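Order of the sequence lines sets the chain letters (A, B, ...), proteins ahead of strands, with each chain counted from 1. The model shown is predicted, which means the values in this text are computed figures rather than measured ones.
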Amino acid sequence: MKEVRTRFAPSPTGYMHIGNLRTALYTYLIAKHHGGKFILRIEDTDQERYVEGAVDVIYKTLKLVGLEHDEGPDIGGEYGPYVQSERKEIYRKYAEKLVELGGAYYCFCSKERLDALREEAQKKKETFKYDGHCKSLTKEEVKAKLEAGEPYVIRQRIPETGTTTFHDEVYGTITVENSSLDEGVLLKSDGMPTYNFANVVDDSLMKITHVVRGSEYLSSTPKYNLLYEAFGWEIPTYIHLPLILREDGGKLSKRHGDASFEDLYNQGYLPEAIINYIALLGWSPGTEEEFFTLEELVEKFDIKGLNKSPAIFDINKLRWMNGEYIRRKTLEEFHELALPYYQEVITNPDVDLLKLSKLLHTRTEVLDDIYELIDFIAELPDYDVQLYVHKKMKTTLENSKENLIKAYDVLTNLDEWQDEAIHDAIFKLIKDLGIKTGQMMWPIRTALSGKQSSPGGATELLSLLGKEESLKRIKIGIEKLSDKLS
RNA sequence: GGCCCCUUGGUCAAGUGGUUAAGACACCGCCCUUUCACGGCGGCGACAGGGGUUCGACUCCCCUAGGGGUCACCA
């Protein structure tokens, strides 16, 4: 069997949404599973959509998630160049050859004429199809127009009758009427090819064996087949992927502000978690496992597990999975990830950051959660005293105040500010007073955090904030309660 | 609208003629517990509808409905 070669061919829009990323992933997996090559090609034939720095976004993303390509613009390869705008002459040559072969023809129709045609079709509620106006131009007429310097495009010639059939690995065999196919532009008047032409030429020239792309290309695939046939080229194996949809069922797009890989990454989603999650959107290993490294995916990936129906991107599950990835890291690894967040907001030098990481490790699903988790450490929020009242803890404004005062005394006299010592001192106090644990712990925790919930209980927070800050906050709590009660 | 594709719980998703129709997320409850989280246990919840085929359909066929894609000198 010949070497499997797949390609990921994004257009540089500066935005890689997760649908694109998943296509890249599957494309990579298919190649690597068979020990083949994964090629990166930049499809920048639309000069108007050129975005500065967009190619770098692609490199950066692929690198972050570990999808290393074997050939591409940055590393070269046997079949370069790998940027379509640099292959302009190649397309022209093949377009002209296709005209000779009878698979295409020159078209000199103006934009105005085309627009009028389109408008007319719309009025009659018909699908627009080029009317073949220039199809019957004689060789001489074409030559004359060309020599006169008239702008032109090259269009694909499609049989008026018959059907075209292609086979897709996931969708099966699909047949369409040739009469339903539009004779689209292959070579634009600026000399650049359209995607429809460039992808076929490049895939063939670059010896791509498996064409992997989103199912939005399913409806134009018959035209590509006709092109391959006209050139006498071998038709690749098609693998169309089901789309990933937004929560509301629409297609993912930049316009709708759908999260790109970059957005997710910046919010603190881990690349490996993102990859793992999207691998499972549209594909199933057929087992109950759901945690996979890239290497494992390479090993387990099988086209047979691909789904036909579109999948909705569920940020909720990604969140959970990301949290799972975080929890599976060692404390030290997590600490390293969290440190930059701490440094952004925490100025109190008494705070033991490693201890903080211990508390946040199981409470962080996405790194950005850390901000909200630690905000109270930097500054005690201006909380409502009603926070002290907790039914289950059996606390009231009155007993909270009393217990806080008692705790303040005990803690003030505590010299050894260590977890165990703090814990023992408070529990001794609770025992001496004969009250319920929560009646002491809840007020302390509340005074320390000023929040309904906090990462860690009273003991942890006392230890974390340090003696000085802790006493300060308890005092504030006592004052707040006194004010309210007076 | 034409053409193409899709249809198992809110979401992902196993299932390929005979199953109590898995599992995961979310949600709910309980346990653990000094809040929250983690963890443990349990619960809710689905084969879009209608016709066939068959001894028997989630599984095969047809129709309807719903959803999606595509109809550019964008990819």
message = Rounded to whole Å, please give me the gap between CG in A/L252 and P in B/G69.
response = 11 Å
request  = Check the distance between B/C25's P and A/L318's CG and give it to me in whole angstrom.
outcome  = 14 Å
remark   = The ring pair (Phe, Tyr, Trp, His ring centres under 6.0 Å) partners of A/Y325 (sequence neighbours excluded) come to A/F291
Side chain to side chain contact (heavy atoms under 4.5 Å, CB included) partners for [X], two or more places apart:
| X | result |
| --- | --- |
| A/P236 | A/V211, A/Y228, A/Y238 |
| A/P151 | none |
| A/V55 | A/P12, A/I42, A/Y59 |

key: Summary of protein contacts for nucleotides 70-75 of chain B, nucleotide by nucleotide, where a base hit scores B, a sugar-phosphate-only hit scores S (4.0 Å, heavy atoms)   = SBSBBB
query = Closest nucleotide of RNA chain B for A/S180 versus for A/L243: which of these residues is on the 5' side?
reply =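 Per heavy-atom nearest nucleotide, the more 5' residue is A/S180.
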Nearest-Å distance once atom C1' is located in both B/A57 and B/G49 =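 Going atom to atom, C1' in each nucleotide, I get 16 Å.
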Sugar-phosphate only, base, or nothing, as touched by A/M393 at under 4.0 Å among non-hydrogen atoms =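 Sugar-phosphate: the residue A/M393, judged by heavy atoms under 4.0 Å, touches backbone atoms but no base.
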query = Roughly how far apart are A/I154 CD1 and A/L186 CG, rounded to 0.5 Å?
reply =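 Those atoms lie 7.5 Å apart.
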query = Side chain of A/Q439, backbone of A/K394: donor and acceptor closer than 3.5 Å?
reply = yes
Donor-acceptor pairs under 3.5 Å, side chain of residues 304-315 of chain A to any protein atom, not counting sequence neighbours: which ones?
{"from": "A/N307", "atom 1": "ND2", "to": "A/S309", "atom 2": "OG", "distance (Å)": "3.0"}
{"from": "A/D314", "atom 1": "OD1", "to": "A/N316", "atom 2": "N", "distance (Å)": "3.1"}

task = Any pair with a residue in residues 423-444 of chain A that passes salt bridge (charged side-chain N to carboxylate O under 4.0 Å, His left out), sequence neighbours left out, goes on the list, sorted by first then second residue, please.
result =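 Listed once each, the pairs are A/K428-A/D432.
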task = Using salt bridge (Lys or Arg N to Asp or Glu O under 4.0 Å) as the criterion, list what pairs up with A/E402, not counting sequence neighbours.
result = none
key: Pairs meeting criterion ring pair (Phe, Tyr, Trp, His ring centres under 6.0 Å) with involvement of residues 425-453 of chain A, two or more places apart   =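 Only A/H390-A/W442, A/H423-A/F427 qualify under ring pair (Phe, Tyr, Trp, His ring centres under 6.0 Å).
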I'd like a list of close polar pairs between nucleotides 12-16 of chain B and the protein, N/O only, cut-off under 3.5 Å.
{"from": "B/C12", "atom 1": "OP1", "to": "A/I312", "atom 2": "N", "distance (Å)": "3.1"}
{"from": "B/C12", "atom 1": "O2'", "to": "A/L280", "atom 2": "O", "distance (Å)": "3.2"}
{"from": "B/A13", "atom 1": "OP1", "to": "A/G282", "atom 2": "N", "distance (Å)": "2.8"}
{"from": "B/A14", "atom 1": "OP2", "to": "A/N307", "atom 2": "OD1", "distance (Å)": "3.3"}

Pairs where residues 10-23 of chain A contributes a residue and the test side chain to side chain donor-acceptor pair (under 3.5 Å) is met, not counting sequence neighbours =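 Found none.
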request  = Please determine, for the side chain of A/V176, which listed nucleotide (B/G69, B/C4, B/C38) has the closest atom?
outcome  =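 Looking only at heavy atoms from C-beta outward on A/V176, the closest nucleotide is B/C4.
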note = Against the side chain of A/I174, the closest entry in B/U33, B/U34, B/C5 is B/C5
Sort me out a list of protein N/O and nucleotides 27-29 of chain B N/O pairs below 3.5 Å, or just none if empty.
none

remark   = The Watson-Crick or G-U wobble partner of B/C47, with both key distances under 3.5 Å, is none
